[in-house]
Amino acid sequence: MDKAIYHAGERHDVDGDISDAFDDARRDRDDCFLWIGLHEPTHEEFALIEEELSLHPLAVEDALTAHQRPKLERYDDTLFVVLKTLAYHEDTSDVEVGEAMLFIGEDFVVSVRHGTANPLSRVRTRLEADPDLLSAGPEAVLYGVCDEVVDHYGTVVHKIGSDIMALERAVFDSRGRDVTEDIYHLKREVLEFRSAESPLIPVLQAITRDRVRRFTRTQEYFRDVLDHLLRVHDQVDDHNELLTSALTAHLALLGRQQNEEVRKISAWAAVIAIPTMIAGFYGMNFDHMPELHWLFGYPAIMGVMACASGLAYYRLRKNGWL
């Protein structure tokens with residue numbers, strides 16, 4: 001995607017063979033480094049870089065096949081760092097996951113990106129606009145990538161929070177639809193978010209505590225990135241809890257609505273049962289029945305049914321069943 005040699009924070013474009021240009025730069029200057037950015041390279045495209053920079057074959061295999069969890073590994077004098085990049089599609093509430101992998105040496109950086117989520121082109125532009133920071137060398141590039149990825153986490157977690165608020169309003173809307181499937185879907189995306197950001201915490205902790213290499217000029221920068229990541233981690237946990245509570249409340253409200261419907265059906269059945277019973281009694285074909293040949297029998301029975309049904313309706317209504 002891009003390649004350049006940097007000396008004292010200043011960019012020098014590479015024309016022609018990368019290895020020859022880098023060898024010339026190292027002979028002329030002691031504090032220069034090479035930064036190569038790749039997007040989903042093939043084995044053939046990566047072979048020259050692997051040979052020139054003596055990258056470990058296990059790290060190369062991870063970088064080319066992707067599907068790695070966030071981690072930091074050391075191979076001799078080279079650090080291999082894996083980060084998950086994220087993008088959030090608000091129309092579908094889907095979290096798109098990509099990967100950014102970095103080989104960090106004393107005088108080189110190779111960044112390999114998989115997927116389209118959160119491109120890292122802005123990192124190079126931002127660092128080139130700050131020569132003082134970029135003069136720190138490869139560690140500045142690692143900081144810039146980590147900072148960009150974690151900042152984008154903050155954007156994604158804010159958008160997810162907005163969608164959760166909309167779901168909560170839908171849950172407590174008395175005329176709302178069944179949003180059980182939507183809650184499950186968003187909860188699954190939040191868990192995918194957590195699997196991307198949570199393993200990155202020990203990676204940044206290892207960097208800030210000098211467990212892998214002493215980053216003298218960017219130590220406070222990495223501490224700032226770690227602080228942002230911990231805040232995002234807390235927000236992701238809060239979102240997960242909110243979705244669990246929303247699902248519980250939604251299922252409880254659905255159960256209550258169903259109970260209300262059952263109670264109404266039962267109440268109307270009780271009201272109708274009274275005239276049905278009386279009408280059924282007088283519908284039997286017997287000669288000797290009370291008031292069978294009475295002149296006022298029909299209106300009297302109708303009045304009894306109406307009064308009994310009205311009384312049942314009144315009592316059920318008073319008790320909240322209707």
Side-chain angles (χ1 to χ4, degrees), residues 1-6 14 17-23 26 33-87 95-121 123-124 137-150 152-153 191-207 210-213 215 222 225 229:
M1 300 297 292
D2 199 358
K3 59 185 182 295
I5 294 173
Y6 296 88
V14 178
D17 187 83
I18 299 176
S19 59
D20 291 341
F22 189 37
D23 289 339
R26 282 190 287 191
F33 72 95
L34 171 68
W35 182 2
I36 302 174
L38 303 167
H39 181 247
E40 298 181 357
T42 64
H43 289 271
E44 292 75 16
E45 292 170 339
F46 207 77
L48 178 61
I49 298 174
E50 178 184 2
E51 180 181 355
E52 177 68 24
L53 301 177
S54 300
L55 302 178
H56 197 281
L58 290 178
V60 171
E61 181 182 358
D62 288 346
L64 294 178
T65 57
H67 304 296
Q68 305 296 315
R69 71 191 303 271
K71 62 181 179 178
L72 186 153
E73 295 176 340
R74 182 165 188 160
Y75 297 93
D76 297 326
D77 294 330
T78 302
L79 295 181
F80 178 60
V81 183
V82 179
L83 304 96
K84 292 286 190 180
T85 58
L86 298 178
V95 175
E96 180 186 353
V97 180
E99 292 182 48
M101 306 174 182
L102 293 96
F103 295 87
I104 307 294
E106 292 293 339
D107 54 5
F108 68 84
V109 177
V110 178
S111 58
V112 180
R113 188 168 59 85
H114 291 267
T116 59
N118 192 18
L120 301 179
S121 58
V123 177
R124 192 184 290 262
E139 62 184 86
V141 177
L142 178 58
Y143 155 72
V145 173
C146 292
D147 188 52
E148 172 68 20
V149 169
V150 172
H152 204 68
Y153 286 173
L191 292 177
E192 189 169 8
F193 190 156
R194 176 189 278 177
S195 68
E197 57 84 15
S198 182
L200 185 57
I201 295 176
V203 171
L204 291 177
Q205 288 175 336
I207 294 174
D210 297 328
R211 292 177 180 172
V212 289
R213 179 186 295 176
F215 291 159
F222 280 107
V225 175
L229 180 58

Which heavy atom of [X] sits nearest to which heavy atom of [Y], and what is that distance?
| X | Y | answer |
| --- | --- | --- |
| V112 | A63 | CG1-O, 3.8 Å |
| Q68 | T65 | NE2-OG1, 4.1 Å |
| L64 | P41 | CD2-O, 3.6 Å |
| E139 | F222 | O-CZ, 3.8 Å |
| C146 | V225 | O-CG1, 3.9 Å |
| L83 | V145 | CD1-CG1, 4.3 Å |

Test side-chain contact (heavy atoms from CB on, under 4.5 Å) applied to L38 and S111, step by step: CA-CA 6 Å; L38 303 167; S111 58; over 6 Å; no

is_close_aromatic(F103, Y75), centroid dist under 6.0 Å: no

Close aromatic pair by centroid cut-off 6.0 Å: F108 and F33: no

Under 3.5 Å donor-acceptor, H152 side chain and T85 backbone: no

Under a 4.5 Å cut-off applied to non-hydrogen side-chain atoms, are [X] and [Y] in contact?
| X | Y | value |
| --- | --- | --- |
| H56 | F80 | no |
| V97 | F193 | no |
| V203 | V82 | no |
| L102 | V109 | yes |
| L72 | L79 | yes |

Residues E99, K84: salt bridge by 4.0 Å N-O rule: yes

E192 and R194 ion-paired at < 4.0 Å: no

Verdict with reasoning, T78 to D76, per side-chain contact (heavy atoms from CB on, under 4.5 Å): CA-CA 6 Å; T78 302; D76 297 326; 5.8 Å; no

Derivation and outcome, side-chain contact (heavy atoms from CB on, under 4.5 Å), residues L200 and V150: CA-CA 9 Å; L200 185 57; V150 172; 4.1 Å; yes

For P199, side-chain contact (heavy atoms from CB on, under 4.5 Å) partners two or more places apart: R69, P70

Full working for side-chain contact (heavy atoms from CB on, under 4.5 Å) between L229 and E197: CA-CA 8 Å; L229 180 58; E197 57 84 15; 4.1 Å; yes

